[in-house]
Amino acid sequence: MDLSAINPAVLFASLIVAATPILLAGLGELVVEKAGVLNLGVEGMMIVGAICGFAVAVGTGSPFLGFVAGAVGGALLSLIFAVLTQYLLANQVATGLALTLFGLGFSALIGQGYVGIKPPPVSALTFGPLSDIPLLGTILLRHDAMVYLALLAVPGLWWAINRTRMGLILRAVGENHDAAHALGYKVVHIRLAAIVFGGAMAGLGGAYLSLIRVPLWTEGMTAGAGWIALALVVFASWKPGRLLLGAWLFGGITVLQLNLQAAGARVPVEYLSMSPYVITIVVLVVMSARGGRAAGAPAALGRSFHATH
Amino acid sequence: MIRRTLLATAALGMALAFGGVASAQALDKAKACFVYVGPIGDGGWTYQHHQGALAVKEAYGDKVEIAWQESVPEGADAERVLTQMALSGCNIIFTTSFGYMDPTNTVAAKFPNVKFEHATGFKRDHANVATYDARFYEGRAVIGHIAGKMTKSNKIGYIGSFPIPEVIQGINSYFLHAKKVNPAVEISVVWAYTWFDPAKEADAAKALIEQGVDVIAAHTDSTAPLAEAAKTPGVIGFGQASDMAAYKPSPRVASIIDNWAPYYVKRVGLLLDGTWEQAASWEGMPGGEVEIGEITEAVPADVKAEAEAMIAAITAGTYHPFTGPINKQDGSAWLKDGEVADDGTLAGMMFYVEGIKGDIPK
Amino acid sequence: MIRLEKRPTPSRFWTAATPVLAVIATMVAGGLMFAALGKDPLEAIRTIFWDPLFHPQFAGYSRPQLLVKAGPLILIAIGLSLGFRAGVWNIGAEGQYIIGAICGAAVGLAFYPAAGWYIFPLMVIAGALGGFVWAMIPGILRTRFNTSEILVSLLLVYVAQALLASVALGVLRNPQGGGFPGSRNLAQYPAAANLELIPGTGMHWGVVAAFIAVIASFVLLQRHILGFNIRLSGQAPRAARFAGVSPTALVLTCLGVSGVLAGMAGLFEAAGPSGKISIDFASGYGFTAIIVAFLGRLNPVGILLAGLLMALTYIGGELAQFMLGLPKASIQAFQGMLLFFLLALDLTSNYRLRLAKREVA
């Protein structure tokens, strides 16, 4: 075993990249859940984003347009969920699961002609000599634009949720939709917007996977990333800052165990891979034991809203 | 007692009604069916099996009809899919993953007149079940040679799926032949514990690259390790299962291609002639089942020539990749000078050869 | 503008008519998709919905297979429906199914190769216990610490999947399996096998258990005080508390029952149709059962029918794949559409659509 072969700075840099897809999708789902909606279809939206982004990037040669298409694809799929759950009052859990089933099938159908193709490359941003600063430069200043976008989205969303009127309304709708309705807010419209935002972010996360992280398209390539994003939101107790930590933890454990293996260490892979979920449960319990509200779960999470008057 | 008789009668009834003609007769027309574990669009394992199926159609034209089903889970669903295929009039059914072993034998018992061919397994409980596999380790020897010559850091990497004999044969063969041409070479093995998870495969490749590995071989199903290798100049890798030509000329400098077409065409041909018999086939380069894809110009001409000479020797049967002297990892002797490994030991290979560091996970 | 008005009681007519309408709508939308893929839409739809039931060559085999495929879905969905009615959201049945299978199979494998009538019943008990324990984790956390059972039960699915991989590669690995992951084949070990009880019918113990669960849950909800409490807690939680229903006991009962049924379903599958514990043993029955529970409107008879309908699309979808060469992806998308239409039209049984003028606020 030669652990000195592992360079902590390089490890941390690749952890940031590995965490980006689940961070994007997790931030989207966080907003959806803040609005009181539980959308279990993240996996489906991610993979549709992955193929839409891939197809458009290959077709146009522009990764930028690819990311736009990924976001649009995820958002369009989430619109199905939004219409079913918000206007037709279908159960959110069942609809979300159906969305994943449909997304996996639909993406594979569109993607039939895209197997074995290389997408246009995305280069890292250059910060000139700054990128060569030891440690910091390696960890933070050698990434592609999407990594920074995802990182900037964390404080951005924190600010939007906690410091703006829009965020206040969003939280009001998620905590008590009847009261929010009584105050004159359009509960359904706000939730619709949140769901579409969540879909777009999941789509971006998927496109990141197919355009940068792995650069290729194959059926089912998300391989459970959407489910991890869901767990992440809970881990973060609906706080963007903690979501970033969680994404690094969830993404980091895989990267770390693979690095340890490559260095020749014996790793109990299964126990390591279940550990983030166990930690999440413990965190949940500790928070809820400290008093119901501190757990941070939006009170109306998963409940349908129908205005009776 | 009654239950048993009923079972037997039912099986007989099914066989009489749907089993087709008796085995010894030649057929005018045949239906060949294929059960795949992944999607045809996986770009690797299942894709290559499907290419083999298409080759059967091309070889026999109107005489053969082909049908297939993709992404069949290796449990209860496999047994149903196989039964439905047999009922639909398939004369021969190829089951293309290890996990189909028990369902294949169970269904074969009910349809004695349908031929079953199971890939990579070892159970042949009934006369109508044959097994087939390919000697992928022959290909590993060739890319191991290239890896040993090409590495600058003297660190080569291997992404394994699961610690099973087939994968361990590959690791040993790859390492032995790298070591033969480059005694300083070291190998890092990373177990992904999955056959297919592009993001994880890419992460595994990345972990290896970050630790100084500059030649990566993979025994998982996607092109992700190559896609990752492409990001770092100077790192090379190999196509796995299919040619993965999109990554030519580098990082993909060569590839191991599973070519199932010769075997499928041959077996369906025997079926048409009425001469199909149970067999346990384990062919490799001589039979054309294992091929090395184009060695690109990224490989120096002399290395390419040596690799081609090795391919020729293995194809001609004059060289076996596991030829002694070879010691096991703990230093104990395995093969004496000039001794060649027997198939039984290879099929159950659960040990590393001397020089590989680390343990096989238990 | 269209307005929704809640019906005082669900409409019987629409409750019966919506599934039919949804299937027809799916046939139209799916037909368009199949046509776009260059296949004959009528033939594709006939293969999916008609052939498994009436095709002279297949039906004899695939009709019983409907039961095999529907059995675990129904068994799990019945357990879940009790909780869903009471507002207890167990969405981790997949985890309970996996743990039940592991525990039950472990007991069976521990006896290998002994013979004895008691082995299979012990496995069933172990499977039920495994599912029960796995469901009690979110149950106790919810009642003791007020932790959301939705999230804990979902998270425990991932833990169960990691455990499954661990035992399939480790303690339960078949010593004679050539080093491949996966356990011995329980279906080939007579004392532990869950085989067809009457050959050619598809009826194994899991299917029997599913039918018993349907009847028991029907009786429970109609006749038993517990069933009344469950319905009351779901519809009017405060009234339930005044009526003396203990929320703690109710949460634990609902989670416990669904865990037991999911765990048993896992064991029956592991010892019968699947035969072994392997890495990809979990095929999503626990999640699909949630959909089945809602499609059946949480009603035992509805769940029975919904489970059979789902099974039909699986089996018909398989036929369509190899008879017509349709890609698996199109079948998945087709199933997704069916679910969307069913969920969308569900509305009509609980709400009336009214054309109304915009209200003046």
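The shown structure was predicted, so the numbers you read here are calculated from the model rather than taken from an experiment. Just so it is clear: chains get the letters A, B, ... in the order the sequence lines come, proteins before strands, and each one is counted from 1.
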Asker: State whether a side-chain donor-acceptor pair under 3.5 Å links A/Asn259 with B/Gln211.
Answerer: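 Looking only at side-chain atoms, B/Gln211 and A/Asn259 do form a donor-acceptor pair, the distance falling under 3.5 Å.
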Asker: Taking the side chain from A/Gln261 and the backbone from B/Trp191, do they hold a donor-acceptor pair closer than 3.5 Å?
Answerer: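 Yes: the side chain of A/Gln261 pairs with the backbone of B/Trp191.
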Asker: Using a 4.5 angstrom heavy-atom cutoff, name the option from B/Gly212, B/Ser222, B/Ala207, B/Gly358 with the most pairs to chain A.
Answerer: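 Option with the greatest count: B/Ala207.
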Asker: Of all of B/Gly38, B/Ser242, B/Ala245, B/Ser188, which one pairs up most often with chain A through heavy atoms under 4.5 Å apart?
Answerer: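 Max contact count across the listed options: B/Ser188.
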Asker: Got more than 12 heavy atoms from elsewhere within 6.0 Å of OH, A/Tyr148?
Answerer: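 More than 12 heavy atoms, drawn from other residues, nucleotides or ligands, come within 6.0 Å of this atom.
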Asker: So which part of B/Val190 gets closer than 4.5 Å to some heavy atom of chain A, the side chain, the backbone, both or neither?
Answerer: both
Asker: So for A/Thr254, is it side chain, backbone, both, or neither that comes closer than 4.5 Å to the heavy atoms of chain B?
Answerer: side chain
Asker: Counting only heavy atoms closer than 4.5 Å, note whether B/Tyr47 contacts chain A via side chain, backbone, both or neither.
Answerer: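 Neither part; nothing is under 4.5 Å.
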Asker: Measuring from B/Lys200:NZ to A/Gln257:CD, what's the distance to the nearest 0.5 Å?
Answerer: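 Taking NZ in B/Lys200 and CD in A/Gln257, the distance rounds to 5.5 Å.
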Asker: Using 0.5 Å steps for rounding, measure from the OG atom of B/Ser71 to the CD atom of A/Glu219.
Answerer: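 Separation between the atoms: 6.0 Å.
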Asker: Hey, which of A/Val255, A/Leu11, A/Thr218 has the most heavy atom pairs under 4.5 Å with chain B?
Answerer: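 It is A/Thr218.
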Asker: Just wondering, are more than 12 heavy atoms of other shown residues or ligands nearer than 6.0 Å to OH in B/Tyr36?
Answerer: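 It does: B/Tyr36 OH has more than 12 such atoms within range.
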Asker: Heavy-atom pairs under 4.5 Å with chain A: which of B/Ala224, B/Ala202, B/Pro39 has the most?
Answerer: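 Ranked by contacts with chain A, first place is B/Pro39.
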Asker: Show the nearest heavy-atom pair for residues A/Leu216 and B/Ala227, with the distance to one decimal.
Answerer: CD2-CB, 4.3 Å
Asker: Return the CG to CD1 distance between A/Leu258 and B/Ile159, rounded to the nearest 0.5 Å.
Answerer: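 Here the interatomic distance stands at 8.5 Å.
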Asker: Return the CZ to CG distance between A/Arg213 and B/Asp203, rounded to the nearest 0.5 Å.
Answerer: 4.0 Å
Asker: Do you know which two heavy atoms are closest between A/Ser14 and B/Lys206, and how far apart they sit?
Answerer: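 In this case the closest contact between A/Ser14 and B/Lys206 is CB-CE, 3.5 Å.
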